[in-house]
**Student:** 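Have a look at the structure that comes next, please.
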Amino acid sequence: MSKKNLVESVLSASKYIFDRKLVSGKAGNISARFKDKEMDIIAITPKLISLNYVNEKNIVLVDLDGNIISKGNPSSEIFLHLEIYKKREDVKGIVHTHSPYATGFSFSNEKIKRLEGFGEIKSPYFKEVGYEKPGSMELAYNAAKKLVKEDIIILKNHGVVATGLNVQEAADLAEFVEESAKTQFVTYQLNMEK
């Protein structure tokens with residue numbers, strides 16, 4: 001994959017995520033990775049710009065240590081993405097959303113069930129990571145550690161992180177989590193005693 005294709009994949013995933021209402025306002029961030037000779041290059045969405053307005057000029061390129069190798073300011077969750085990439089050589093795309101149903105569950109004591117439809121069910125619920133301040137190294141370390149054996153995690157009181165072999169797969173997983181949360185919420189409502 002070239003740098004141009006890498007940037008285009010992030011742009012495509014940004015539109016996909018925004019159009020499906022998995023983020024709103026300036027929330028959420030997306031990144032993709034490729035190897036340029038011996039160096040990993042990460043293309044990440046910019047800080048404080050809605051995914052609806054991400055374009056080729058404001059995508060930021062960084063190395064695995066977070067050194068900026070293009071113009072712009074990377075997402076405030078840059079360390080979250082970098083720590084995951086450091087722990088998972090196979091991960092080439094990361095999507096972080098604040099989708100309404102899944103994020104609602106993250107603020108509750110209920111866990112989101114892992115439904116059929118996207119890979120083998122190894123555990124009944126999506127794994128969670130305790131709350132840490134957004135953008136903090138604590139959040140980055142804890143999330144990356146939990147994602148060593150997971151493809152999706154729920155960040156308590158915050159949102160969802162999905163990983164994939166490419167950024168579109170990560171976006172599809174994030175959408176799957178939201179649909180799972182929505183189905184579970186509707187089921188709870190329908191089964192409530194009247």
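Predicted model only: the values in this text are computed from it and were never measured.
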**Student:** Which atoms form the tightest heavy-atom contact between Thr163 and Leu173, and what is the distance?
**Tutor:** O-CD1, 3.0 Å
**Student:** Is there side-chain contact between Pro100 and Lys21, with at least one heavy-atom pair below 4.5 Å?
**Tutor:** no
**Student:** What's the spacing between Leu51 CG and Ile17 CD1 if we round to 0.5 Å?
**Tutor:** 8.0 Å
**Student:** Considering only heavy atoms from C-beta outward, does the side chain of Gln168 approach that of Ser9 to under 4.5 Å?
**Tutor:** no
**Student:** Rounded at 0.5 Å granularity, tell me how far CD1 in Ile59 sits from CD1 in Ile49.
**Tutor:** 9.0 Å
**Student:** Rounded to the nearest 0.5 Å, what's the gap from CG on Asn166 to CG on Leu6? Could you check?
**Tutor:** 11.0 Å
**Student:** Please answer whether the main-chain N or O of Lys146 pairs with a side-chain N or O of Glu150 as donor and acceptor at a distance below 3.5 Å.
**Tutor:** no
**Student:** Hey, does the side chain of Thr187 reach the backbone of Thr183 with a donor-acceptor pair shorter than 3.5 angstrom?
**Tutor:** yes
**Student:** Checking salt bridge (Lys or Arg N to Asp or Glu O under 4.0 Å) for the pair Lys86/Asp40: CA distance, chi angles, key distance, verdict?
**Tutor:** CA-CA 10 Å; Lys86 288 175 187 176; Asp40 282 306; over 6 Å; no
**Student:** Tell me if the OH atom of Tyr53 is crowded by more than 12 foreign heavy atoms within 6.0 Å.
**Tutor:** no
**Student:** Going by ring-ring contact (aromatic ring centres under 6.0 Å, His included), name the residues that satisfy it together with Phe185, two or more places apart in sequence or in a different chain.
**Tutor:** Tyr101
**Student:** Are more than 12 heavy atoms from other residues, nucleotides or ligands located less than 6.0 Å from atom NZ of Lys156?
**Tutor:** yes
**Student:** Quick one, Leu22 and Val160 - any side-chain contact, counting heavy atoms below 4.5 Å?
**Tutor:** no
**Student:** Mind checking whether Phe105 and Gln184 have side chains closer than 4.5 Å, heavy atoms only?
**Tutor:** yes
**Student:** May I ask whether Ile94 and Val60 are part of the same hydrophobic cluster, defined by side-chain heavy atoms of I, L, V, M, F, W, Y residues being less than 4.5 angstrom apart, directly or through others?
**Tutor:** yes
**Student:** Looking at Ala102, is its backbone amide N or carbonyl O close enough to the side chain of Glu178 to form a donor-acceptor pair, meaning the two atoms are under 3.5 Å apart?
**Tutor:** yes
**Student:** Minimum heavy-atom separation for Ala143 to Leu80, with atom names?
**Tutor:** CB-CD1, 3.4 Å
**Student:** With heavy-atom distances below 4.5 Å as the criterion, would you say the side chains of Met137 and Glu83 are in contact?
**Tutor:** yes
**Student:** Would you check, one step at a time, whether the test ring pair (Phe, Tyr, Trp, His ring centres under 6.0 Å) holds for His81 with His96?
**Tutor:** CA-CA 9 Å; His81 291 253; His96 169 43; 7.4 Å; no
**Student:** Is there a side-chain hydrogen bond (donor to acceptor under 3.5 Å, both in side chains) between Tyr188 and Glu110 once you walk through the steps?
**Tutor:** CA-CA 11 Å; Tyr188 284 161; Glu110 297 291 334; 3.1 Å; yes
**Student:** State which residue, out of Ile78, Val23, Ile30, Val95, fulfils the side chain to side chain contact (heavy atoms under 4.5 Å, CB included) condition with Thr45.
**Tutor:** Ile30
**Student:** Checking Lys92 side chain against Glu89 main chain: does a donor-acceptor pair fall under 3.5 Å?
**Tutor:** yes
**Student:** Are side-chain heavy atoms of Ile44 and Val10 found at a separation under 4.5 Å?
**Tutor:** no
**Student:** Is any side-chain heavy atom of Glu179 less than 4.5 Å from a side-chain heavy atom of Arg20?
**Tutor:** no
**Student:** Is Glu56 reaching over with its side chain to a backbone N or O of Val7, donor-acceptor style, under 3.5 angstrom?
**Tutor:** no
**Student:** Given the rule that I, L, V, M, F, W and Y join up when any side-chain heavy atoms are under 4.5 Å apart, are Ile154 and Phe176 in one cluster?
**Tutor:** yes
**Student:** What's the spacing between Tyr131 OH and Ser136 OG if we round to 0.5 Å?
**Tutor:** 8.0 Å
**Student:** Report yes if the side chains of Val54 and Pro46 come closer than 4.5 Å at any heavy-atom pair, otherwise no.
**Tutor:** yes
**Student:** With no hydrogens and no angle check, is any side-chain donor or acceptor of Ser50 less than 3.5 Å from a backbone partner on Gly25?
**Tutor:** yes
**Student:** Calculate, to the nearest 0.5 Å, the distance between atoms CD and CG belonging to Glu77 and Leu82 respectively.
**Tutor:** 11.0 Å
**Student:** Can you tell me how far NZ of Lys47 sits from NZ of Lys26, rounded to the nearest 0.5 angstrom?
**Tutor:** 11.5 Å
**Student:** Take a 6.0 Å sphere around CZ of Phe18 and say whether it holds more than 12 heavy atoms from other residues, nucleotides or ligands.
**Tutor:** yes
**Student:** Which pair of non-hydrogen atoms, one from Tyr16 and one from Ala171, has the smallest distance, and what is that distance?
**Tutor:** CD2-CB, 3.8 Å
**Student:** Does one hydrophobic cluster hold both Ile42 and Tyr141, with members joined at side-chain heavy-atom distances below 4.5 Å?
**Tutor:** yes
**Student:** Of all heavy-atom pairs between Phe107 and His158, which one has the smallest distance, and what is that distance?
**Tutor:** CE1-N, 3.9 Å
**Student:** Counting distance only, does the side-chain N/O of Arg88 pair as donor-acceptor with the main-chain N or O of Ala144 below 3.5 Å?
**Tutor:** no
**Student:** Count I, L, V, M, F, W, Y as connected when their side-chain heavy atoms are under 4.5 Å apart, and connections chain through other members. Are Phe79 and Leu139 then in the same cluster?
**Tutor:** yes
**Student:** Grouping I, L, V, M, F, W and Y whenever their side-chain heavy atoms are under 4.5 Å apart, do Met39 and Phe34 come out in a common cluster?
**Tutor:** yes
**Student:** Please table the atom pairs, donor to acceptor, closer than 3.5 Å between any side-chain atom in residues 66-73 and protein atoms at least two apart or in another chain.
**Tutor:**
unit_1	atom_1	unit_2	atom_2	d
Asn67	ND2	Asp63	OD1	3.4
Asn67	ND2	Asp63	OD2	2.9
Ser70	OG	Leu61	N	2.8

**Student:** For a quick test of reading the model, state the closest non-hydrogen atom pair linking Phe126 to Lys113 and the distance between them.
**Tutor:** CE1-O, 3.6 Å
**Student:** Looking only at non-hydrogen atoms, find the nearest pair between Ala162 and Ala170 and report the distance.
**Tutor:** CB-O, 3.3 Å
